[in-house]
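Below is one structure, written out as structure tokens; comments come after it.
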Amino acid sequence: MNDDQQLVGLALAGDRKAFEMIIHKYQGPLVGYLARTLGDREMALDFAQDVFLKAYGSLASYRRAYKFSTWLFKIASNHVIDHWRKKRIPALSLDQPWGGEEGPTPQVEDKGPSVARSYELAELRARIERALAKVPGTLRELFVLRHVGGFSYEEIAEIKGLPVGTVKNRVFQAKELVRGQLEGTA
Amino acid sequence: MNCPGLERLDLYLEGELGRAERRRVEAHLAGCPGCRDRLEERRALLGAFSSLPAVAIPAGFAEAVMHRLPEAVPAAVERRRFRRLAAVLASGGAVFLGVLLAYYLATGRSLVEFMVALGRAVIDVFSLAVPLLARTASLVRITVRVGGELASAFIHGLGILSSFLTPEVLALSLAVCALLSLLLLFGVKRILSLGEKP
């Protein structure tokens with residue numbers, strides 16, 4: 001049993017402090033994921049509260065065979081999708097090939113010297129944030145889970161209920177869209 | 001081997017390729033300066049992606065969430081109730097089995113006999129207790145009704161009597177009543193304490 005599972009067990013037994021420790025542990029990654037996926041920090045903070053409340057409400061249904069972080073981010077991802085549906089924000093279907101049969105790579109011209117090596121890190125980060133905001137939400141979410149949240153492809157597949165191969169392909173598409181934005185060619 | 005695509009280079013950098021595939025890519029990289037350069041570009045790009053700063057969390061965020069939480073995990077409350085009920089039932093069962101065992105050890109009679117005897121005892125107790133309880137309840141009900149009517153008639157009579165009397169006579173009557181009550185009280189007390197005298 002890992003730390004998360006111990007804390008969940010204590011919370012289920014009525015120890016509210018244990019759940020507060022869970023919040024302290026995951027508030028940063030969760031708000032980071034929500035803020036970059038939604039593109040709105042204030043909304044992300046509200047959503048993060050809702051996600052923790054939902055998690056607390058359904059804590060008894062958590063199964064220890066799964067990682068707690070995966071379970072928590074699945075709740076968060078569903079919350080985001082519900083929001084997009086309610087707001088009728090056009091979202092790319094992740095189940096369907098994107099732009100072609102092979103789920104092809106956006107055609108971003110390789111301009112030689114890497115954009116990653118052309119800017120100072122702070123400037124590059126700011127450009128990535130701006131570029132990320134222009135990537136379709138569903139691809140952006142996968143990019144954030146992988147490269148900001150640090151989840152493995154297998155964990156993302158579990159969170160999103162997609163095959164691992166599809167996740168790898170969509171994350172790559174998202175990266176290429178970001179690179180395209182950075183290079184001003186997409 | 002042809003030059004690996006960018007997706008394959010990314011997966012190589014992320015350690016996502018199988019051993020055989022990784023060796024093929026490495027063998028290719030060893031002889032292809034262009035791919036080595038692209039690999040370093042991808043490494044820098046992935047590094048930049050992963051270095052995005054954390055989003056600031058306002059102080060007191062966790063406390064705000066805790067403030068909105070219900071008192072207990074909803075399903076956990078039901079689970080605790082179920083566990084408590086199960087514990088009570090298990091304790092009752094354990095006590096019952098203990099009694100059975102003690103009876104068997106003390107008398108040497110079989111458990112079946114004990115169960116039959118217990119069943120009979122329960123039926124006897126019920127057959128005695130139920131009519132007795134019914135009669136007691138009936139008696140209490142009649143007593144309360146008669147007592148209430150007597151008290152009501154007494155108060156009504158006093159009201160009628162007081163309307164015929166002047167205040168002086170009424171005060172005198174109350175004093176006499178109080179005196180008689182005291183005498184009655186002490187008289188009863190004396191009667192009751194007669195047996196205590198030598």
Side-chain angles (χ1 to χ4, degrees), chain A residues 11-14 16-17 19-21 23-24 27-29 31-36 41 44-45 48-50 52-53 56-61 105 108 110 112-117 119 121-122 124-125 127-129 132 143-144 146-148 150 152-153 168-169 171-173 175-176 178-179 182, chain B residues 3-18 21 32-84:
Chain A
L12 280 171
R16 290 166 67 86
K17 201 74 188 164
F19 194 75
E20 192 172 354
M21 289 171 76
I23 297 174
H24 278 291
Q27 61 183 4
V31 172
Y33 154 76
L34 289 167
R36 290 199 166 94
R41 179 177 171 270
L45 289 167
Q49 285 207 13
D50 295 340
F52 281 124
L53 288 171
Y56 190 74
S58 52
L59 207 55
S61 69
T105 306
V108 179
D110 195 343
S114 166
V115 68
R117 290 189 280 181
Y119 300 101
L121 188 58
L124 181 60
R125 284 171 177 163
R127 281 172 166 267
I128 290 171
E129 298 274 19
L132 198 52
F143 176 96
V144 171
R146 175 71 187 133
H147 290 290
V148 184
S152 70
Y153 288 114
K168 285 180 178 175
N169 187 259
V171 170
F172 178 67
Q173 289 170 1
K175 278 187 289 194
E176 286 303 279
V178 171
R179 187 169 71 92
L182 291 174
Chain B
C3 290
L6 293 176
E7 185 171 8
R8 195 158 300 276
L9 287 180
D10 283 0
L11 293 175
Y12 170 74
L13 286 169
E14 293 172 295
E16 293 287 333
L17 295 181
E21 183 67 8
C32 181
C35 279
R36 282 204 299 276
D37 197 38
R38 283 200 299 158
L39 185 75
E40 290 314 308
E41 288 169 12
R42 296 304 289 189
R43 197 194 302 277
L45 195 64
L46 295 187
F49 288 159
S50 303
S51 73
L52 292 178
V55 176
I57 308 289
F61 174 83
E63 289 71 22
V65 179
M66 292 304 295
H67 189 67
R68 287 181 61 192
L69 290 185
E71 277 304 307
V73 179
V77 174
E78 288 167 20
R79 190 182 287 181
R80 266 207 304 278
R81 278 184 193 148
F82 175 75
R83 280 182 186 161
R84 207 171 296 156

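Quick note: numbers below take in every heavy atom, side chains included, and nothing from hydrogens, waters or symmetry partners. Chain letters run A, B, ... following the sequence lines, proteins first and then strands; every chain starts at 1.
Proximity to chain B is limited to the side chain of A/Arg41, based on heavy atoms less than 4.5 angstrom apart. With a 4.5 angstrom heavy-atom cutoff, A/Val171 does not touch chain B via any of its atoms. For A/Ala48, the parts sitting under 4.5 Å from any heavy atom of chain B are the backbone and the side chain alike.
Ion pairing of B/Glu7 with A/Lys175 is absent here, as no side-chain N (NZ or NE/NH1/NH2) approaches a carboxylate O to less than 4.0 Å. Residues B/Arg8 and B/Glu21 are paired through a salt bridge, judged by an N-O separation under 4.0 Å between the basic side chain and the carboxylate.
Contact count versus chain B (heavy atoms, under 4.5 Å) is highest, among A/Leu34, A/Val148, A/Leu45, for A/Leu45.
Here B/Leu13 contributes atom CG and B/Glu40 contributes atom CD; the two are 8.0 Å apart, rounded to the nearest 0.5 Å.
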Please output the side-chain donor-acceptor pairs of residues 59-66 of chain B that fall under 3.5 Å, not counting sequence neighbours, one pair per line with the distance.
none

